There are 2 protein chains.
Amino acid sequence: MIDQPNPEKPVRILILGGGFGGLECARTLKGPRFAITLVDRENHHLFQPLLYQVATAGLSAPEIAQPIRMLLRDQENVRILMDEATGIDLVQRRVTLKKQTLDYDYLVMAMGVRTGYFGHDEWAAHAPGLKNLDDATRIRSQVLRAFERAESGVEDAQRVKLTTLVIVGGGPTGVEMAGALAELSRKVLSQDFRHIRPEEAQVILIEAGPRLLTMFAEDLSEYARQRLEKMGVQVRLNTMVKHIGPGSVDLADGSIAAENIIWAAGVEANVLTKSLPVPQDRAGRLLVQPDGSLPGFPDAFAVGDMISLTDKNGVKVPGVAPAASQLGRHVARVILAELQHRERFEAMQERAAFGYLDKGSMATIGRSSAVAAAFGLKFRGFLAWLMWLFIHLLFLVGFRNRTAVMLQWVYSYFTWRRGARIITR
Amino acid sequence: MIDQPNPEKPVRILILGGGFGGLECARTLKGPRFAITLVDRENHHLFQPLLYQVATAGLSAPEIAQPIRMLLRDQENVRILMDEATGIDLVQRRVTLKKQTLDYDYLVMAMGVRTGYFGHDEWAAHAPGLKNLDDATRIRSQVLRAFERAESGVEDAQRVKLTTLVIVGGGPTGVEMAGALAELSRKVLSQDFRHIRPEEAQVILIEAGPRLLTMFAEDLSEYARQRLEKMGVQVRLNTMVKHIGPGSVDLADGSIAAENIIWAAGVEANVLTKSLPVPQDRAGRLLVQPDGSLPGFPDAFAVGDMISLTDKNGVKVPGVAPAASQLGRHVARVILAELQHRERFEAMQERAAFGYLDKGSMATIGRSSAVAAAFGLKFRGFLAWLMWLFIHLLFLVGFRNRTAVMLQWVYSYFTWRRGARIITR
């Protein structure tokens, strides 16, 4: 229990992670009575919904990332540390970072998840996932380099392998990657090469289940499949990946030789959360209380896609950016309410349970086509795509980035070119 | 000697390097009678004059780079290979690449230079140079990471070391880096940190000679020094670097502890050109004939900053982008003229000697201040800075990049923020 607050001594809030949840939580806890420390491994907040565009040479890394310091520069009660938690002691209320140890009054974990391979971590080396900027620039360089190698006079079989791209996982990231890679290889790059022919480039999307984009209605899934196939993507549903080796994917009905294999099939909790004395689901997500706190540790919360929670309306909270922001804000309000009550010497009331406001979901398939569902309505095609563009620009943090990204999109749309086709080491 | 040209068999032109010289040479040799192969280690042409802005978080890498393929996509007689020359046989007219071997009728070497440490290659690990995008993003990450570490509660001496930046070399790159780093540390970053104070950040520019920017008149050098000092840069003239170790620079009058040391003091030829049977200057630059060809090998040319040449007007050709472009074009015209004469069965006349057209030179010092010299006139201050902005935008390749860079500059000018403050691994 926290003692009755001393106005001279601000409440220490420790936030782990500067993603959507952590950032929103920090922003809601304004004023000198909080001493907030926000810790992130990276120096930047990342707009993950557009990460696939960095991986496919549409945008450059700084366009979808902003220094966390800059985003919170005007909030004087926040101190930002570029560091990484290595141990969390929920009983002592103490977190060990690589460079120092910090005590807290309230802890908010918002570290997100990492790419998960369902126990096959050895596949990671051959099929990178897409979680951060380094992943994205690595995938971009790898794909572009494969086309460069295919151009420099290799044998036919080798050329086919170099220009074959396999994406594993038919969720939003997989669908977006497949669409963007089909456009990149068949439209953008094809005009710049002398030896590679566009019809040689194969993009194969593999999904273990019976349909793509399971969070949408069946007809939207079917629409997405048809659109992708029209763009030249081979969609293989009901197809399990048995093994991934260097440059090859084994399926039940044979192998595919592909220089580039991209994993978009799963995520898992990081090692640190796994070791916490808190109930977890199979993927290691923390089963939090209705208010977002950890069972048995009311001073520690978790938000974002690292949690599993059914909200007060019986809705399973999805692992998407709006849900992370909303829960981040909710947790901040729980902390605020608790302190207000204590300051007024009032009895502690029950904490408010989180209610997720679903503003809809959307996934883009490719140029001029997307699917969306909001408030009971379904959208697809060009209208959905315009909605997707508008919403993503709106929520992209920072005026500069918004303008720069819009400029890139307009340029790419009219020229069929991509601005970030740069191979780095 | 080339035989009388067979119209069925195009003349094989091999260009090594897609910088300003190589690109301009390829662009001048249009039409099906040439089969041009352009080889570059990178997939992109780099606008080197703005590289320091990537290193100082002003611009992102794709904004100053364009895929060479895209720049030459409409020129059907050019084939581009991302590869690297490992051997040049001038007698057999054959170049060995990492992946294949190519015969040529004409060779144009345009590989540029690399950072040179005057025989102290062991300094490279502690004081990176600035020649390519990987150098620039590495310096950017290193500088930003040092400030992040300084923020996370280190001892005073360590904090001073982390926020001290040393630049060795008072040429244009050194002056531009010093100015941009002073602005970055003292203006841009200072508002975002809670522990570091702007006056703690030290930027030290070390020059062995008696003045900065020796290609300009003395009063412009002096102006540059005064401007830099006003911006908070410590300029140390007549100062030789004796040794560079990890995090320390030894001078005659003591050592400086600095986490970041940047080398802008010299360049040298790459290993491959050193081994050619062609006279070279002390830095390994090839002493070419007045037409740009190698002495004794009329079918092989060299252009750009890898050559040393006094032009037909007695002017020493400088190692700058406009000179590289001009000589690249000149060499292409020499080849064109020679082929035209042969096609007409005319006697071979003497090849034209190169004449460098000096359109002026300029160096920026910082926000709103630069020096420039053109056609006998000298400029400095705000006017020179506007000229610098205008000229650099004008010559930046590609509409998209030009618009994006202008947007960044306008944004930075009015907000004192920089758009690319992203640390990558």
Side-chain angles (χ1 to χ4, degrees), chain A residues 42-44 46 57 59-63 65-70 72-74 76 78-83 97 99-100 132-134 137 141 144-145 147-149 151-154 188-189 191-195 398-401 403-404 407-408 411-412 415 417-425, chain B residues 42-44 46 57 59-63 65-70 72-74 76 78-83 97 99-100 132-134 137 141 144-145 147-149 151-154 188-189 191-195 398-401 403-404 407-408 411-412 415 417-425:
Chain A
E42 314 278 357
N43 80 324
H44 52 267
L46 178 65
L59 296 173
S60 67
E63 282 167 348
Q66 289 270 32
I68 299 169
R69 293 191 180 290
M70 207 177 90
L72 294 171
R73 77 188 322 182
D74 297 326
E76 281 181 19
V78 183
R79 175 188 174 208
I80 289 153
L81 297 178
M82 186 177 164
D83 204 336
L97 308 176
K99 291 172 202 146
Q100 57 191 299
N132 56 46
L133 283 181
D134 291 301
T137 48
S141 289
L144 294 175
R145 189 172 287 122
F147 280 85
E148 293 292 338
R149 280 168 56 200
E151 176 77 354
S152 58
V154 290
V188 180
L189 294 182
Q191 301 166 58
D192 292 7
F193 287 81
R194 301 287 175 256
H195 290 260
F399 163 78
R400 187 200 69 86
N401 291 26
T403 320
L407 178 76
Q408 292 279 13
Y411 170 84
S412 301
T415 62
R417 295 183 185 187
R418 297 213 182 155
R421 276 171 49 196
I422 302 304
I423 298 177
T424 49
R425 269 173 229 119
Chain B
E42 314 277 358
N43 80 325
H44 51 267
L46 178 65
L59 295 174
S60 67
E63 283 166 348
Q66 289 270 31
I68 299 169
R69 295 191 179 289
M70 205 177 92
L72 294 171
R73 76 188 324 184
D74 297 326
E76 281 181 18
V78 182
R79 177 188 171 207
I80 289 154
L81 296 178
M82 186 176 163
D83 204 336
L97 307 176
K99 291 173 201 145
Q100 58 191 300
N132 56 46
L133 283 181
D134 292 302
T137 48
S141 289
L144 293 175
R145 191 173 286 123
F147 279 86
E148 293 292 338
R149 280 168 55 199
E151 176 77 354
S152 58
V154 291
V188 181
L189 294 182
Q191 302 166 57
D192 293 6
F193 287 80
R194 302 287 175 256
H195 289 260
F399 163 77
R400 187 200 68 85
N401 291 27
T403 321
L407 177 77
Q408 293 279 12
Y411 170 84
S412 301
T415 62
R417 295 183 185 187
R418 297 213 182 155
R421 276 171 48 197
I422 302 303
I423 298 176
T424 50
R425 269 172 229 122

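Hydrogens, waters and symmetry mates are skipped; everything else that's a heavy atom, side chains included, is used. Everything numeric in this text was worked out from a predicted model, so none of it was measured.
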Inset, instruction - Let me know if B:Ile80 has heavy atoms under 4.5 Å from chain A in its side chain, its backbone, both or neither. - result: backbone
Legend entry - Structural part of B:Ile423 lying under 4.5 Å from a heavy atom of chain A: both
Inset, instruction - Return the option, out of A:Asp74, A:Asn132, A:Val78, with the maximum number of heavy-atom pairs under 4.5 Å with chain B. - result: A:Val78
Legend entry - A:Ala65 versus B:Ile422, closest heavy-atom pair with distance: CB-CD1, 3.5 Å
Legend entry - Interchain contact, B:Val154 with chain A, by part (heavy-atom threshold 4.5 Å): neither
Inset, instruction - Below 4.5 Å from any heavy atom of chain B, which atoms of A:Gln100 appear? Answer side chain, backbone, both or neither. - result: side chain
Inset, instruction - Using a 4.5 Å cut-off on heavy atoms from C-beta on, say whether the side chain of B:Arg421 contacts that of A:Gln66. - result: no
Legend entry - Heavy-atom contact with chain A under 4.5 Å, split by part of B:Leu72: backbone
Legend entry - Euclidean distance, B:Glu63 CD relative to A:Gln408 CD, rounded to 0.5 Å: 7.5 Å
Inset, instruction - List the atom of B:Arg194, the atom of A:Glu76, and the distance in Å for their closest heavy-atom pair. - result: NE-O, 3.7 Å
Legend entry - Residues B:Glu148, A:Arg69: salt bridge by 4.0 Å N-O rule: yes
Inset, instruction - Compare every heavy atom of B:Glu151 with every heavy atom of A:Leu81, then report the nearest pair and how far apart it is. - result: CD2-O, 4.3 Å
Legend entry - Gap between atom CZ of B:Arg73 and atom CG of A:Asp192 - 0.5 Å precision: 4.0 Å
Inset, instruction - Could you tell me whether the side chain of B:Thr424 reaches within less than 4.5 Å of the side chain of A:Thr137, counting heavy atoms only? - result: no
Legend entry - Beyond-backbone contact of B:Arg149 with A:Met82, side-chain heavy atoms, under 4.5 angstrom: no
Legend entry - Proximity breakdown for B:Asp83 and chain A, heavy-atom pairs closer than 4.5 Å: neither
Inset, instruction - Tell me, for B:Gln191 versus chain A, whether the close heavy atoms (under 4.5 Å) come from the side chain, the backbone, both or neither. - result: both
